[in-house]
Amino acid sequence: MKVPPRLERLLADLLSYGSWLASSAIGLGFSLAWIDSRVGTHNLAILPNMLIAKVGIALFILLPTLRVLLMLLFFFRERDYRLAIIAALVLTIILLGFILGIRTMSAIAGLPLSEPEIPVAFHWKATSCNQSGADGIAPSPC
Amino acid sequence: MDTGFALWLFAVSLGASALGGMLGMASGIFIVPILTMFGHVEIHTAIGASIVSVIACSCGGAAPFLKNRLTNVRLAIVLETATTLGALTGVLLVGVVPVSYLFFLFAAILFLSAQQMLARRDSPNRTFDSRGTDQWAASLRLDSSYPDHVLGCEVVYKVQRVPVGMTLMYGAGLISALLGIGSGVLKIPAMDSALRLPIKVSSATSNFMIGVTAAASAGAYLMRGNIVTAVAGPVALGSVIGAAVGARILMVVSNRRLRLLFVIVLVALGIEMLLAAFSVHLTKGSL
């Protein structure tokens, strides 16, 4: 059987190692938060742990973007300029998505869909009055 | 209680993803209905969590396809211009489209998936129409080949009708961003019918593209604060582990019965979503 070409191998390595790293970060963050909740330390101790999980999530979102960047560099080096331009275009569109998110943030702020993150992290442990089962994600009556 | 909720999210995602993985289908389509119907998570938060899990599954499962040369990376990057543009459009529509419409659209996609699951062909050896040459495919060198282990030979294929494929991909990207799904359910038929790709290449390339499509909208969801760590974390982790487990037991389980179960689950969730669209919250009534 033929060996996979170099670009395919590079992409496979980037995606699988990246996924491992991101998953481990999420797993670690939640495991630490869980241990904390067992031991019964105060709420604030959970926040750094959730930050680790948050970094893992951000890494997952970044991974496809890095994959496009890798393709861009590869095609450029191979002097395959048409594909390099196309990769650059895709990269631009992804970055536009991030910018669009920031721009529309204020426009939607009035609607209930943009629940801030911090209160959830607090609710994560300290809700004894929560009967809705929504765990602080939906606005609870208390 | 809250740790329990995180564990519940993890377990549910793992189960859904393992089941999906057994049938070579992404679990993204289950996440939002389950989270909104049974977890009572707000729909935009559910979509945010789902989009992260979609990326995780796409990235986590890509390596074997790439190493077996099933993924057409050149075609993928070309089509991604359309899917990401569609995703941007979807992101713009998120704030505009009423929630009931989202539920309705979701129900439609669930029924479509069920129908596709019933109709899926088992035989991969179809003859490929390799007469015409697409102008785009020629100038961008998109035609390729892959090693088919069942047939025991290298299958050469040509990419057809790229503009039609691009148009369909734009739609798939839009739906993906709007509902937080990978929309492989739309991508694979598009590749199948418009681009005339072998089914193995379609599913591998679709899986590869899903991550980038989702990243375009995930960026926006992240910046808007719709990606809540306490929800998205367990869901992503559960999905990625579930997908790996599902792919492992793919060979062992009887495919036919499983597929039927899958169809029933899809239809049931579709009906739930449809009812939710008409503001009849069946499960919420019990609380």
Side-chain angles (χ1 to χ4, degrees), chain A residues 1-2 4 7-9 11-12 15-16 18-19 22-23 26-27 29-30 34 37 50 53-54 56-57 60-61 63-65 67-68 71 82-83 86-87 89-90 93-94 96-98 100-102 104-105 107-108 111 113-117 120-121 123-125 127 130 132-135 137-138, chain B residues 1-3 5-6 39-45 52 55-56 58-60 62-64 66-69 71 73-74 77-78 80-81 84-85 87-88 91-92 95 139-140 147 211-212 214-234 236-237 240-241 287:
Chain A
M1 201 194 108
K2 263 163 76 178
L7 176 61
E8 270 82 346
R9 250 180 305 140
L11 290 171
L15 292 176
S16 53
S19 300
S23 308
I26 297 174
F30 274 88
W34 184 67
S37 73
M50 293 306 271
K54 205 172 181 173
I57 290 173
F60 261 133
I61 297 173
L63 206 49
T65 320
R67 184 269 264 181
V68 176
M71 288 175 85
R82 280 178 189 171
L83 266 282
I86 290 170
L89 185 64
V90 174
I93 298 170
I94 295 175
L96 267 177
F98 278 86
L100 208 63
I102 302 170
T104 48
M105 190 164 53
I108 305 183
L111 294 172
L113 60 88
S114 51
E115 194 81 12
E117 177 112 13
V120 177
H123 273 277
W124 168 252
K125 193 186 160 199
T127 43
N130 197 333
S132 66
D135 300 291
I137 288 112
Chain B
M1 173 72 200
D2 284 322
T3 335
F5 187 61
H40 303 301
V41 175
E42 196 271 324
I43 189 164
H44 291 100
T45 310
V52 176
I55 296 176
S58 166
C59 294
L66 284 163
K67 284 182 176 154
N68 288 321
R69 292 191 294 120
T71 315
V73 288
R74 298 178 69 90
I77 194 84
V78 172
E80 276 160 8
T81 54
T84 48
L85 265 182
L88 275 196
V91 162
L92 279 174
S139 69
L140 298 171
V212 167
S217 53
Y221 278 106
L222 182 75
M223 293 301 169
R224 277 181 188 168
N226 287 139
I227 294 175
V228 179
T229 311
V231 179
L237 197 60
V240 88
I241 295 171
L287 283 167

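Chain letters run A, B, ... following the sequence lines, proteins first and then strands; every chain starts at 1. For clarity, every value in this text was computed on a predicted model and none was experimentally measured. Because only heavy atoms are used, hydrogens play no part in the values below, and waters and symmetry mates are left out as well, while side chains stay in.
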| task | Locate the shortest heavy-atom distance separating L15(A) from C59(B); write the atom from each residue and the value. | result | CB-O, 3.6 Å
| query | Looking at L63(A), L89(A), L83(A), which has the largest count of heavy-atom pairs under 4.5 Å with chain B? | reply | L83(A)
| request: Quick one: do I86(A) and L140(B) satisfy side-chain contact (heavy atoms from CB on, under 4.5 Å)? Show the steps, please. | output: CA-CA 10 Å; I86(A) 290 170; L140(B) 298 171; 4.0 Å; yes
| task | Please report the closest heavy-atom contact between G97(A) and A220(B), naming both atoms and the distance. | result | O-CB, 3.3 Å
| Would V212(B) and R67(A) satisfy side-chain contact (heavy atoms from CB on, under 4.5 Å), going step by step from the backbone distance to the final call? | CA-CA 8 Å; V212(B) 167; R67(A) 184 269 264 181; 3.1 Å; yes
| remark: Applying side chain to side chain contact (heavy atoms under 4.5 Å, CB included) to L88(B) and not counting sequence neighbours gives I93(A), L96(A), L100(A)
| message | If I take atom CG from residue L7(A) and atom OG1 from residue T71(B), how far apart are they, to the nearest 0.5 angstrom? | response | 10.5 Å
| task | Considering non-hydrogen atoms only, spot the tightest contact between L237(B) and G27(A) and give its length. | result | CD2-CA, 3.6 Å
| Interface residue of largest heavy-atom contact number with chain A, from V78(B), T84(B), I43(B), I241(B), under 4.5 Å | T84(B)
| query | Non-hydrogen atoms of chain B under 4.5 Å away: do they reach the side chain of A87(A), the backbone, both or neither? | reply | both
| said: Under the rule for side chain to side chain contact (heavy atoms under 4.5 Å, CB included), what residues qualify as partners of I61(A), not counting sequence neighbours? | reply: I57(A), F98(A), V52(B), I55(B), A218(B), L222(B), I227(B)
| Segment of L11(A) engaging chain B (4.5 angstrom heavy-atom cut-off) | both
| note | Residues K54(A) and T229(B): closest non-hydrogen pair is CG-OG1, 3.4 Å
| query | Taking all non-hydrogen atoms of both residues, which atom of M71(A) and which atom of V73(B) are closest, and how far apart? | reply | CE-O, 3.4 Å
| Residue, of S23(A), G18(A), S16(A), that accumulates the most heavy atom pairs under 4.5 Å with chain B | S23(A)
| note | When every non-hydrogen atom of A230(B) is compared with those of M50(A), the smallest separation belongs to CA-CE, 3.8 Å
| message | Can you tell me which portion of A236(B) sits under 4.5 Å from chain A's heavy atoms? Options are side chain, backbone, both or neither. | response | side chain
| Heavy-atom proximity to chain A below 4.5 Å, by part of S217(B) | neither
